Amino acid sequence: MIWDNPRFLIALIVVPFLVLFFVFEWRVRKKISRKFADAEVFPKLSSRNPQAEILRRIFLVFAYVFFVLAAASPRWGYRKMKIEEKKSSVIIALDVSASMLCEDVKPNRLKLSIRKIKELLTILKSQRFGIVGFAGKAFTICPLTEDVSSVREFLDEVGVASIPYPGTNIENALLKAKESFVSETAAKSIIMFTDGENLQGDPESALKQIRGIEVFIVGAGTPEGEPIPIRDKNGNVKGYKKDKNGETVISHLDETTLLKIANGTGGMYVPQTPDDSDIEQIADKINSKGSSATARRTRKMLARKSYIPLTFAFLFLIADFLFAYLFGKKTIFEARNIPVVFLVLFFCSKASAGNFSRGNRSFNNRDYFKAEKFYREELKKRSSAEIYYNLANTYYCQGKYDEAEKQYNKAFTFNNRKMKEDVLYNMGNNYFRKNQFAKAAACYREVLRMNPCAKDALHNLEVVLRRKSKGKSQKQRRGGEKEKKKKTMSKEDLQRVLNVIQNMENQKRKMKRKKMPRVLKDW
């Protein structure tokens, strides 16, 4: 038996205290009853059935226990699942550069990637698999084959020493993977495991050449990074890799580059997770896009059994409710049961609430530290423009403008039309805070090009251009240059603003009876 959410099992600690509470309550009841009559006479005077009362308390305890077990989502027993094999091919591109030896994920980036690739081979419905390894140059380690066991054997031999070319060339890896596909018409996909630190080549230039092939990327490592260890023959760390200046090299996960590649090919980027939720997302998308079925096979999988403890929990609650009526007692909403019922409902609501909604609530409460934590947890499960955008806003509100810029760029790579205007507007605000007025002005101009009625963007653009012009005049005065006239804005920038205002007036005439769109405010 395994548990999908084992952390919920800690709630079982409450059970002994719940039992003690009921025992204490029962004794207090008996003590109070003795004030009115003897222990032998009181049961004859009272309509309550002592045995039924004890059973009701036991039912409530068991209901709580089974609710906790259901929230932990147990799995046991195998079920046979019919799988349609699709006529498709998958090339797995594995980064074997030195940076993959970093241990910011356990045991290290390379070993964790290899383990996930082996699991992918069992859940993908593709007909053929191949492996391309790359560092400074890419090589075909295993050509496309239907023999999955031979692919596994090749994986066991892969290591950092497999390719004697230092560095990382993602462009060459993508082109080599494309060459490895056979010419026949079939669904083609590339699954890449890399930390994204591209040292040679231009990955974006390869996107045109691999058009029609979806690239799915698993980001190995963490954005915080880790030094690259150097080991001796016995495997002991004897130092860390240094650059030409003698500084220790820190290898970071470059998610922005990987998102551009994945989104540019219609694929998917997911960060590497300790469990297999990352590769399961990729497998689901690839399996759903396969071509016509060629064969069927059955596969054994651990079955989810959370419905069993959930059924028992409700049965115990119903039994408690029925016992109240069968023996002439109060309903389940009597005072002593209310704390237990609310505890169960509160626990279930907490279990079902997602990290994304929790992050939104924390952000609205201005608890940006907690919001950042919840958004980071959600990114381990899935990646989307909304999560990166909200995470960027938390950094912006905390004054971490460099981190906010990174996350806004990641959100922008998804090319989400609904969010594009908001992302650009907030990027402009972020650049303004960093005193990068040229970049801020470019963002505001792009917002106005998309929506000429964006008053906030126009106002911010005018402020930025004035600051930019003021900064230029100050530099000229410092250099000893004399100015004949004092200008707040250049002629070109002033003309641009006037053109924008004219466009806004034209739009207003056309949209007199239309409702103006809501514009996102500055944080």
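Index from 1, following the sequence. Remember, predicted model here, so these are calculated numbers, not experimental data. Side chains are part of it too, since the values below use all heavy atoms of this structure and drop only hydrogens, waters and symmetry mates.
- Partners of D276 by salt bridge (Lys or Arg N to Asp or Glu O under 4.0 Å), not counting sequence neighbours, listed by chain and number: R115, K116.
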Side-chain donor-acceptor pairs under 3.5 Å in residues 151-158, sequence neighbours left out?
| unit_1 | atom_1 | unit_2 | atom_2 | d |
| --- | --- | --- | --- | --- |
| R152 | NH2 | K118 | O | 3.1 |
| D156 | OD1 | K118 | NZ | 2.5 |

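- Note that the CG atom of N172 and the OG1 atom of T168 stand 11.5 Å from one another [nearest 0.5 Å].
- Side-chain polar atoms of N429 and Y444 form a donor-acceptor pair below 3.5 angstrom.
- Applying the ring-ring contact (aromatic ring centres under 6.0 Å, His included) test to F437 and every residue at least two apart in sequence or in another chain returns F432.
- A donor-acceptor distance shorter than 3.5 angstrom exists from the side chain of N108 to the backbone of L110, with no hydrogens or angles considered.
- Not a single donor-acceptor pair under 3.5 Å links the side chain of S383 to the backbone N or O of L379.
- Residues that satisfy the salt bridge (Lys or Arg N to Asp or Glu O under 4.0 Å) test with E280, not counting sequence neighbours, are absent from this structure.
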task = Step by step, work out the side chain to side chain contact (heavy atoms under 4.5 Å, CB included) result for M192 and I170.
result = CA-CA 9 Å; M192 180 175 287; I170 297 177; 3.9 Å; yes
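- With hydrogens and angles left out, the side-chain atoms of D147 and T145 include no donor and acceptor closer than 3.5 Å.
- For the atom pair CG of L461 and CG of L448, the computed distance is 6.0 Å after rounding to the nearest 0.5 Å.
- In this view, Y395 satisfies the ring-ring contact (aromatic ring centres under 6.0 Å, His included) rule with no residue, not counting sequence neighbours.
- Distance alone, capped at 3.5 Å, is enough to place a donor-acceptor pair between the N287 side chain and the I123 backbone.
- Taking a cutoff of 4.0 Å between a charged side-chain nitrogen and a carboxylate oxygen, E197 and R109 do not qualify as a salt bridge.
- Within the structure, every pair that satisfies the side-chain hydrogen bond (donor to acceptor under 3.5 Å, both in side chains) test and touches residues 263-272, not counting sequence neighbours, is listed here: S113-Q272, E255-Y269, N263-T413.
- Annotation: salt bridge (Lys or Arg N to Asp or Glu O under 4.0 Å) contacts of R376 (sequence neighbours excluded): none.
- In this structure D254 satisfies the salt bridge (Lys or Arg N to Asp or Glu O under 4.0 Å) test with no other residue, sequence neighbours excluded.
- Among pairs with a residue in residues 212-230, those fulfilling side-chain hydrogen bond (donor to acceptor under 3.5 Å, both in side chains) read D104-T222, at least two apart in sequence or across chains.
- Pairs of residues two or more places apart, or lying in two chains, that qualify as side-chain hydrogen bond (donor to acceptor under 3.5 Å, both in side chains) and include a residue from residues 199-212 are E171-S205.
- Under a cutoff of 6.0 Å and an axis angle of 45°, K137 and Y165 form a cation-pi pair.
- Here M100 contributes atom CE and F193 contributes atom CZ; the two are 9.0 Å apart, rounded to the nearest 0.5 Å.
- Listed by first then second residue, pairs satisfying salt bridge (Lys or Arg N to Asp or Glu O under 4.0 Å) with a partner in residues 387-406 read E372-K400, D402-K434, E403-K406, E405-K434, not counting sequence neighbours.
- Contacts of Y401 classified as ring-ring contact (aromatic ring centres under 6.0 Å, His included), with partners at least two apart in sequence or in another chain: Y396.
- Side-chain atoms of D278 never come within 3.5 Å of backbone atoms of V270 as a donor-acceptor pair (strictly under, hydrogens ignored).
- At distances below 3.5 Å, not a single donor-acceptor pair connects side-chain atoms of N430 with backbone N or O atoms of N426.
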